[in-house]
Amino acid sequence: MLTDTQTSIKIHLTTKIKLDQDEETYELTVFGRHYQKGDTIYLKYDEIQEQGTIHTVVKITKDEAFILRTGLLKMRLNFKLNEQKRGSHESELGTLFLTTNTKRFTHNETNDHCDGKLSLAYELSMQGKLAGFYEMEIVYKEEEGNQ
């Protein structure tokens with residue numbers, strides 16, 4: 001099934017980062033778009049910050065997920081359960097090589113594929129050095145017409 005229909009969604013993103021004894025939690029709620037091509041689901045949203053805008057695309061397949069960020073920040077992360085995957089983070093200072101080692105990968109969708117949750121837990125290494133243990137949850141829901 002090939003659908004290019006984009007649906008407005010509300011996205012709630014929670015990220016917990018643990019490194020040594022420190023733990024930080026970030027939360028973000030944004031509005032974005034959901035669409036599907038074949039068996040691949042795409043979530044698109046923008047993060048507006050003082051310094052500029054970050055365009056984010058989350059691509060989800062049956063057993064893999066990709067997060068691509070462009071604009072103010074250029075980053076590419078790849079997630080596959082129990083595998084180390086390479087990624088990158090580009091800034092004006094140069095490119096950092098990232099590695100994700102995914103420990104949890106679940107994705108569920110309901111309601112004609114526009115409500116769902118992607119849950120990831122992974123170790124992130126930068127230039128070969130552990131940068132933290134991340135738990136990320138992306139919950140998305142189709143936007144009601146009268147909100």
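When reading the values below, keep in mind they use all heavy atoms of this one structure, side chains included, and skip hydrogens, waters and symmetry mates.
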Common cluster, [X]/[Y], ILVMFWY with side-chain heavy-atom separation under 4.5 Å:
{"X": "Ile48", "Y": "Leu72", "result": "no"}
{"X": "Tyr26", "Y": "Val139", "result": "no"}
{"X": "Leu96", "Y": "Leu124", "result": "yes"}
{"X": "Leu73", "Y": "Met126", "result": "no"}
{"X": "Met75", "Y": "Val58", "result": "yes"}

Would you check if the side chain of Asp115 reaches a backbone N or O of Glu142 as a donor-acceptor pair within less than 3.5 Å? yes
Among pairs that include at least one residue of residues 19-28, which meet salt bridge (Lys or Arg N to Asp or Glu O under 4.0 Å), considering only residues two or more places apart or in two chains? none
Can you list everything that forms a salt bridge (Lys or Arg N to Asp or Glu O under 4.0 Å) with [X]? Sequence neighbours excluded, please.
{"X": "Lys44", "result": "none"}
{"X": "Asp63", "result": "Lys80"}
{"X": "Glu90", "result": "none"}
{"X": "Arg104", "result": "Glu135"}

Lys85 and its side chain to side chain contact (heavy atoms under 4.5 Å, CB included) partner, picked from Leu98, Thr100, Leu77: Thr100
By the definition side chain to side chain contact (heavy atoms under 4.5 Å, CB included), identify the one residue from Leu120, Leu118, Ile138 that meets it with His107. Leu118
Quick one: [atom1] on [X] to [atom2] on [Y], what's the gap to the nearest 0.5 Å?
{"X": "Glu123", "Y": "Lys18", "atom1": "CD", "atom2": "NZ", "result": "11.5 Å"}
{"X": "Gln36", "Y": "Ile41", "atom1": "CD", "atom2": "CD1", "result": "5.0 Å"}
{"X": "Thr7", "Y": "Lys141", "atom1": "OG1", "atom2": "NZ", "result": "14.5 Å"}
{"X": "Thr102", "Y": "Asn82", "atom1": "OG1", "atom2": "CG", "result": "8.5 Å"}
{"X": "Thr15", "Y": "Glu137", "atom1": "OG1", "atom2": "CD", "result": "10.0 Å"}

Is the shortest side-chain heavy-atom distance between [X] and [Y] below 4.5 Å?
{"X": "Lys59", "Y": "Leu68", "value": "no"}
{"X": "Glu109", "Y": "Tyr140", "value": "yes"}
{"X": "Leu43", "Y": "His34", "value": "yes"}
{"X": "Asp39", "Y": "Lys62", "value": "no"}

Once ring-ring contact (aromatic ring centres under 6.0 Å, His included) is applied, do any residues pair with [X], and if so which ones, sequence neighbours excluded?
{"X": "Tyr45", "answer": "none"}
{"X": "Tyr122", "answer": "Phe79, Tyr134"}
{"X": "Phe133", "answer": "none"}

Remaining members of the apolar cluster that contains Leu93, side-chain heavy atoms under 4.5 Å: none
Closest non-hydrogen atom pair between [X] and [Y], with its separation:
{"X": "Ile9", "Y": "Cys114", "answer": "CG2-O, 3.8 Å"}
{"X": "Met136", "Y": "Ile67", "answer": "SD-CD1, 3.7 Å"}
{"X": "Thr5", "Y": "Tyr35", "answer": "O-CB, 3.4 Å"}

Per side-chain hydrogen bond (donor to acceptor under 3.5 Å, both in side chains), Arg69 is matched among His89, Glu47, His55 by Glu47
Just to verify, what does [X] make a side-chain hydrogen bond (donor to acceptor under 3.5 Å, both in side chains) with, not counting sequence neighbours?
{"X": "Thr29", "answer": "His12"}
{"X": "Gln127", "answer": "none"}
{"X": "Thr106", "answer": "none"}

So Arg33 and Ser8, side chain to side chain donor-acceptor pair (under 3.5 Å) or not? Walk me through it. CA-CA 5 Å; Arg33 316 286 293 160; Ser8 293; 2.4 Å; yes
